[in-house]
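All residue numbers refer to positions in the sequence shown, counting from 1. Just so we're clear, the structure is a prediction, and the values are computed from it rather than from any experiment.
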Amino acid sequence: MRYYLFLDESGDHGLVSVDPSFPIFVLFGVVVSEQSYVRIGERMNRIKKRFWGDKTVIFHSRDIRKCEREFQILFDLELKKEFYQEINSLVSDSEYTIISSAINKENHIKQYGKLASDVYEIALSFIVERSIFFLDDQPNKPHQLEIVIERRGKKEDTRLHEHFQKLSSRGTGYVTPERIQAYCQSIEFASKSADVNGLQLSDLIAYPIARHVLDPKRANPAFDVLEPKFYSKGGRRYGLKVFP
């Protein structure tokens, strides 16, 4: 069976300066089977058609929250209520698994210094590891995993691709290179404007997870909806790695 891992990010991955109001970097991963992904795409497209007709619309959580660009229609409060009902239903009812990693940059700098490894690469390593563990648990092996990452820039994408090649050739402390090579068939970069449904789903779940990492005790109904989607095993949640 073919699976996809869609990755989106929140926060600055640099360590030179840290925003005290958002001192974290979070990489959000959504693992979904090929069959479930088809259904998610169909449902997402129905929502877009209902509210925008045949117009091309990219779901971007910031634009939705701010009612900007195409989402200015959400200033109509009744329409906004209906739209959020549809999105909440999409997020809660669809079949997918969340595997994300958050780096607390302030703690990371204190422990490892500003010249430590790129936090994006660290987060990606954690997610690849746990995606392998997730696939190990799925029936009907063998499985293939295609990784799709939101494009950031030629230099950044090249560096990330090189890091992935290192993972494939060296493995990690918990996963051998042979296991990574057996599962991970390809890595692809796609822009937000490419209208990739999996990246849009990753974007939709990003904000409530980031808010939870910043303040776990604060009421966060959107995160509560996502809680059952995190990869867990034996009663423990492995789908959100906070480091260090």
To the closest 0.5 Å, what do you measure between CD (Q138) and CE (M1)? 8.5 Å
Once ring-ring contact (aromatic ring centres under 6.0 Å, His included) is applied, do any residues pair with F230, and if so which ones, sequence neighbours excluded? F223
Can you list the residues that meet the salt bridge (charged side-chain N to carboxylate O under 4.0 Å, His left out) rule with K48, with sequence neighbours excluded? D195
Ion pair present between R237 and E227, side-chain N to carboxylate O less than 4.0 angstrom? yes
How about D93 and S89: does a side-chain donor come under 3.5 Å of a side-chain acceptor? yes
Of all residues at least two apart in sequence or in a different chain, which pass the salt bridge (charged side-chain N to carboxylate O under 4.0 Å, His left out) check with D136? R179
Over all atoms of both residues, closest heavy-atom pair of R152 and D157: N-OD1, 3.1 Å
Closest non-hydrogen contact found for C184 with I132 is SG-CD1, 4.2 Å
Under the salt bridge (charged side-chain N to carboxylate O under 4.0 Å, His left out) rule, collect the residues that match up with E129, sequence neighbours excluded. none
Report yes or no: is the cationic atom of R159 (NZ for Lys, CZ for Arg) closer than 6.0 Å to the six-membered ring centre of Y120, at no more than 45° off its axis? no
Once ring-ring contact (aromatic ring centres under 6.0 Å, His included) is applied, do any residues pair with F28, and if so which ones, sequence neighbours excluded? none
Those residues that, when tested against E156, pass salt bridge (charged side-chain N to carboxylate O under 4.0 Å, His left out) (two or more places apart): none
Verify the ring-centre separation between F83 and F51: is it less than 6.0 angstrom? yes
In plain terms, say whether E82 and R50 are close enough for a salt bridge, that is, a side-chain N and a carboxylate O under 4.0 Å apart. yes
Cationic N near anionic O, under 4.0 Å, E86 to R43: no
The reported gap from CG in L5 to CZ in R130 (rounded to nearest 0.5 angstrom) is 13.5 Å
How about Y174: does its OH atom have over 12 heavy atoms from other parts shown lying under 6.0 Å from it? no
Aromatic centroids of Y37 and F6 separated by under 6.0 Å: yes
Spatial distance of atom CD1 (I87) from atom NZ (K80) [nearest 0.5 Å]: 13.0 Å
